[in-house]
Every structure is written in structure tokens, then in C-alpha cells.
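See below for the structure under consideration.
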Amino acid sequence: MSISGSPTTAGAPSATPAPPRVPVVPGPRRAARGPSALRGPGPGAAFRTGRDAWLLAAALFLAYAVLSVSRHRRMETLSWDLGIFEQAVRAYAWLRPPVVDLKGPGALVLGDHFSPVIALIAPLYRAFPTPVTLLIVQAALFAVSAVPVTRAAARFLGPARGLALGAAYGLSWGIQRAVEFDFHEICFAVPLLAFALEALVARRWWAALGWGLPLLLVKEDLGVTLAALALVVAWRARRTDRWAARAAVAVAVLGVVAAVLVFTVVIPAFATDGYAYWDKLDGAGPGPLDGLGTKLSTLAWVLVPTTGLLALRSPLLLVAAPTLGWRFLSGDEHYWSTDWHYSAVLMPIAALALADALDTSRRSPRPWLRAYSLQLPAALLAAGLALSATTLPLARLGEASTYERPARVGAVERLLARIPDGASVESDIAPITRLTSRCRVFWIGDTKGVLPDYVVYDNASGWAGEDPVGYARQLHPDARFTLVGTARGTVVLRRI
């Protein structure tokens with residue numbers, strides 16, 4: 001009789017049958033703890049991910065460079081900013097004080113924005129003294145920032161999805177708008193933030209702080225961004241590395257103190273009128289709720305096409321709070337929208353916050369969230385490609401006119417070539433970048449008593465009237481100017 005009471009064969013030993021094997025179904029993998037969590041993928045996978053990330057960066061660099069250089073070649077400059085930064089870098093290259101006469105005769109760039117980091121471009125500019133050098137450097141810095149985004153995503157999702165997320169980041173609207181809008185110092189902040197946040201999600205606390213500290217040299221407001229980054233590091237490291245957490249708190253304090261000193265001491269020391277941008281936050285203009293629709297639209301653009309809203313699940317998104325805060329509190333409407341370059345620093349924050357959120361979402365007990373997190377990188381890449389082919393600046397790469405040099409540009413350049421090197425020139429936007437590499441250039445109507453050798457402006461719309469000599473007399477009543485020539489609306493006058 002068996003244990004169960006069923007009959008057995010005579011003479012056969014009684015035995016209990018083995019229970020059937022139950023298949024093991026792997027559940028969601030939990031986050032590794034301890035040193036094994038820091039190792040990441042094996043050497044082979046890491047090499048492939050690194051290779052793919054750098055190949056992606058190379059492709060993005062080519063696209064960014066072609067877009068920005070072609071715009072310069074076609075004289076499609078949108079503002080005076082490229083001229084301002086070229087004047088500063090040119091001064092650094094020849095070891096002179098960084099005077100930017102476009103902001104006023106003898107004005108120091110450090111009295112406008114505190115961005116000493118641009119001096120790093122000086123050696124390259126000395127070898128290639130042209131505004132194109134600044135555009136190429138910017139394209140390279142933006143492109144390199146895709147490397148840490150790709151690696152961080154691949155660490156959690158595998159090489160294919162990591163590459164998709166890296167490419168979606170490289171095509172993000174904030175980066176493209178910055179590439180389109182001439183040159184700005186924030187091109188240094190974008191890769192610094194990307195590498196810092198990559199280190200943060202990999203739990204390399206000291207590296208995250210190390211990459212973040214140079215933000216203090218990029219722009220005056222980024223000290224507060226550094227503080228936000230350091231506080232996230234402190235929160236994440238508080239249980240595993242108390243020394244790193246304490247150091248992060250110290251860095252956060254340093255960031256705030258540095259920002260306050262730069263705003264109140266350093267910049268005023270270089271500017272006779274103090275910090276020129278306080279009036280944008282003084283409350284005299286529009287209030288925080290003015291332009292609410294535009295501000296909410298910008299916030300939606302930051303969160304939806306770049307992260308599918310999933311970045312809201314990561315505390316890394318808090319690093320974007322200082323930038324969004326000063327922009328939305330400002331009374332200057334230019335800061336509220338998705339235009340210009342102001343959103344570029346938000347793109348690596350959103351992308352790395354997404355990578356961080358994907359790590360937890362893919363292990364969620366909720367099946368829909370796991371599926372959403374796995375499909376999201378491909379969806380974001382599809383959205384980026386669609387926007388880049390239609391409405392964003394990179395769509396210009398598919399137009400034949402992008403690679404053509406208009407006859408108007410040749411005629412204007414031949415006219416500007418009649419201005420000798422070293423001359424002082426009063427100019428408006430269009431001719432500026434053809435002159436700042438070889439002349440002393442002032443903004444038109446803002447020479448503050450300095451008599452320029454030449455006055456140059458684009459009068460294609462007729463804004464200055466039909467009498468160029470008469471307009472020059474309005475600018476400088478005590479001087480006499482003669483017309484050198486005109487070309488496709490551009491006017492050049494010489495003082496006699």
C-alpha cells in the first residue's frame with residue numbers, strides 16, 4: 001500500500017512518485033545592490049555601445065555643422081550674438097581683455113554674461129580666425145553630448161534601444177533650435193550636464209560632481225543648476241556613500257554662493273551699469289501668470305516629444321527647475337517660448353531623467369508600464385525623425401537651396417571687402433559676421449560718441465530711408481560721410 005492508499009504491484013518496492021517540475025518564470029529584475037550594480041554591461045557590450053555612441057555623435061556633428069555653416073554662408077544670421085562671441089574669443093586668442101564693442105565701446109564681455117569658458121576656443125580660433133570656428137566648436141560640443149545619453153540608455157535597455165534614445169536626443173527640438181541660432185556659451189553646458197547626469201544614474205557620485213563643477217564657468221545662472229544637480233546626488237548617495245552625500249551638499253552650497261557672488265560682485269566689477277538683466281526680473285513687466293499658455297506649451301514640448309512624460313518619474317528632472325524658473329518668472333517674452341537657444345540645456349536633463357525613469361519602469365509590476373518603457377525609445381526616435389523632416393531646422397538639410405550660395409551674398413561680400421582690415425565700423429546685424437574677424441565693430445546707433453571709419457547697414461527693407469548720407473548724419477551730426485557703394489540693399493559709407 002502506498003502512502004496515498006492506492007494498490008501496488010506485488011513484490012515491487014513501494015515508492016513515492018516525484019512531483020512534477022514547475023517551470024520558473026522570471027519576474028521583473030530588481031535593481032542590483034552593492035558593487036555589482038556599478039559594473040554595467042560586459043566589456044564586449046560596453047565597447048559596442050561606446051562605438052555606436054561615438055558614430056552617432058559623428059553623424060550629428062556633420063548634420064549640425066552643415067546646418068549652421070550653411071546659414072552663415074548664406075548670411076542668414078539671426079542676431080548679433082555670433083559677432084559678440086567672436087569679438088570676445090578673438091580678444092582671448094590674442095591675449096587681450098575680452099572687449100566686445102558691439103555691447104558698447106570698450107565693454108567687457110564678463111560684464112554682460114560671466115562665461116570665461118569660451119576662452120577655451122581661443123587657441124583654435126587663433127589658427128582659424130573666422131566665425132565658422134565658433135560654429136564648428138558648438139556643433140562638436142552638442143554632438144558629443146549624445147554619447148553619455150546613449151551610453152546611459154544602453155546600460156538599462158540594451159544597445160539598440162540605447163542608440164534609439166541617443167538619436168532621439170540628438171534630434172530634439174531644443175538642440176536643433178540652438179544650432180540654428182548662431183553661437184552661444186551654453187554649448188559648453190550641454191555636454192557637461194549630460195556627462196554629469198550619466199555619472200549620476202551610474203551611481204558614480206564623485207564623477208557627477210566633477211562634471212558639474214565647470215558649469216560655474218559657463219554662465220552666471222548655472223551655479224543654481226549645479227546646486228540642483230548636487231542635491232540630487234546627495235539624495236541618491238545618502239545611504240551608500242555618506243562622504244559623497246556630504247560633498248554634494250557642500251557643492252550645492254558652493255553653487256548658490258558662487259551664483260550670488262557672480263551676480264552681485266563679479267559682473268558689476270566688469271560692468272559700469274551693473275548686471276544688465278535684473279530689469280527682466282524686477283516685476284515691473286508681465287507677471288508670472290502672463291503668457292501662461294506659452295509657458296505651458298513650452299513645458300509640454302520639454303516633456304512630451306522628448307520623454308513621453310516618463311521623465312516625470314525621475315528626480316533628475318529637478319535639475320531643470322532653475323532654468324525653467326528664471327525663464328518663466330522673467331518679464332521678457334523671448335524666454336517663455338521654444339524659440340532661440342534657451343531650451344538647449346534642458347534637453348540632456350530631460351533625456352537622462354528619462355533614462356533613469358526607464359530603469360525603474362521596465363521593472364515595474366504593472367505590465368502596461370513595462371511595455372510602454374520598452375517601446376518608448378523607438379517612438380521618441382520616430383517623433384524626432386518626423387519633426388526633423390518637416391518643421392525643425394534640420395529639415396533644411398533636405399532642401400537644395402541650403403547648399404547654394406545666393407548671388408546677393410557674393411555682391412555684399414565684394415562690397416564689404418572694400419573696408420580695410422583694422423577699420424572701425426558701425427554695423428547692423430547682417431554684415432556683422434563678415435567684419436568682426438578683421439575690424440573693430442560697433443552696434444549701429446550705439447557708438448557712445450566714438451566716430452567710426454565706416455557705417456554699414458542692410459537697408460533692403462528701406463527702414464533707414466532713401467538718403468544714406470543723411471542717415472549717417474543723423475547718427476553723427478558732427479561728422480561727414482560719403483557713399484562707398486550699395487549692393488542688394490547693403491549700404492557702405494566712409495567718414496571723410
Side-chain angles (χ1 to χ4, degrees), residues 28-33 37-38 40 145-146 148-158 161-162 164-166 168-169 172 174 189-190 192-205 207-209 211-212 224-241 244-245 248 252 298-325 343-366 368-377 379-381 383:
R29 194 175 76 181
R30 297 193 177 277
R33 302 294 181 191
L38 307 179
S145 69
V149 174
T150 304
R151 292 190 309 210
R155 179 185 186 86
F156 300 132
L157 302 174
R161 290 188 176 93
L165 188 59
Y169 161 78
S172 61
V190 171
L192 288 173
L193 283 166
F195 281 105
L197 292 170
E198 179 201 21
L200 197 162
V201 298
R203 307 170 74 87
R204 294 185 288 113
W205 317 123
L209 297 175
W211 280 109
V224 185
T225 299
L226 171 62
L229 168 68
L231 288 177
V232 176
V233 172
W235 176 258
R236 284 282 177 92
R238 71 191 189 282
R239 293 177 180 170
T240 59
D241 191 337
T298 297
L299 196 59
W301 272 96
V302 171
L303 294 174
V304 178
T306 54
T307 77
L309 294 178
L310 203 61
L312 290 169
R313 296 173 58 88
S314 169
L316 271 67
L317 198 59
L318 295 173
V319 181
T323 297
L324 287 171
S343 295
V345 296
L346 301 176
M347 297 298 102
I349 299 171
L352 271 301
L354 172 60
D356 183 56
L358 286 171
D359 180 38
T360 55
S361 299
R362 70 188 175 90
R363 296 180 279 106
S364 170
R366 293 174 239 180
W368 71 266
L369 187 55
R370 294 200 303 271
Y372 182 65
S373 65
L374 292 176
Q375 300 303 322
L376 187 57
L380 294 177
L381 175 57

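The first residue in the sequence is number 1, and the count goes up from there. This one's a predicted model, so the numbers in the text were calculated from it and none came from an experiment.
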Note to self: Go through it in stages, so that I can follow the logic: the residues are T225 and V345, the test is side chain to side chain contact (heavy atoms under 4.5 Å, CB included), and I'd like the CA-CA distance, side-chain angles, deciding distance and then a yes or no.
What the structure shows: CA-CA 10 Å; T225 299; V345 296; over 6 Å; no

Nearest heavy-atom neighbours spanning [X] and [Y]:
| X | Y | result |
| --- | --- | --- |
| S145 | A194 | O-CB, 3.6 Å |
| A344 | P348 | O-CD, 3.2 Å |
| A208 | L200 | CB-N, 3.9 Å |
| P305 | L380 | O-CD2, 3.4 Å |
| G212 | A196 | N-CB, 4.0 Å |
| T150 | A146 | OG1-O, 2.7 Å |

Has [X] got a side-chain atom pairing as donor or acceptor with [Y]'s backbone, closer than 3.5 angstrom?
| X | Y | value |
| --- | --- | --- |
| T307 | V304 | no |
| S373 | R370 | yes |
| Y372 | G308 | yes |

Item checked: Partners meeting ring-ring contact (aromatic ring centres under 6.0 Å, His included) with W211 (sequence neighbours left out) ->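 Per chain and number, W211 pairs via ring-ring contact (aromatic ring centres under 6.0 Å, His included) with F195.
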
How long is the span from the [atom1] atom in [X] to the [atom2] atom in [Y], to the nearest 0.5 Å?
| X | Y | atom1 | atom2 | value |
| --- | --- | --- | --- | --- |
| T360 | L369 | OG1 | CG | 7.5 Å |
| F156 | L354 | CZ | CG | 11.0 Å |
| T298 | L324 | OG1 | CG | 8.5 Å |
| T323 | I349 | OG1 | CD1 | 5.5 Å |
| Y169 | T306 | OH | OG1 | 11.0 Å |

Next item on the list: Taking salt bridge (charged side-chain N to carboxylate O under 4.0 Å, His left out) as the test, write out the residues that go with R161, two or more places apart.
Entry: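 Checked R161 against salt bridge (charged side-chain N to carboxylate O under 4.0 Å, His left out); zero matches.
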
Sequence neighbours excluded, which residues qualify as side-chain contact (heavy atoms from CB on, under 4.5 Å) partners of [X]?
| X | result |
| --- | --- |
| A244 | W205, W206, A237, D241 |
| A153 | L165 |
| R239 | none |

Note to self: Tell me every residue that passes side chain to side chain donor-acceptor pair (under 3.5 Å) with S172, counting only those two or more places apart in sequence or in another chain.
What the structure shows: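 Residues passing side chain to side chain donor-acceptor pair (under 3.5 Å) with S172: none at all.
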
Notebook entry, point to check: So, do L310 and L376 sit near enough that their side-chain heavy atoms are less than 4.5 Å apart?
Noted result: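 Touching, per the 4.5 Å side-chain cut-off.
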
Next item on the list: Dump the intermediate steps for side chain to side chain contact (heavy atoms under 4.5 Å, CB included) on R362 and L157, then the final yes or no.
Entry: CA-CA 8 Å; R362 70 188 175 90; L157 302 174; 3.8 Å; yes

Margin query: If we check side-chain contact (heavy atoms from CB on, under 4.5 Å) with L346, which of these qualifies: V319, L303, V302, L317?
Written below: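 So, applying the side-chain contact (heavy atoms from CB on, under 4.5 Å) to L346 and each of V319, L303, V302, L317, only V302 qualifies.
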
Margin query: Could you go through D356 and L197, starting from their C-alpha distance and side-chain angles, then the distance that decides it, and tell me whether this counts as side chain to side chain contact (heavy atoms under 4.5 Å, CB included)?
Written below: CA-CA 9 Å; D356 183 56; L197 292 170; over 6 Å; no

Notebook entry, point to check: When you check the side-chain N and O atoms of S361 and R313, is any donor under 3.5 Å from an acceptor?
Noted result: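 Side-chain D/A pair, S361 to R313: present.
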
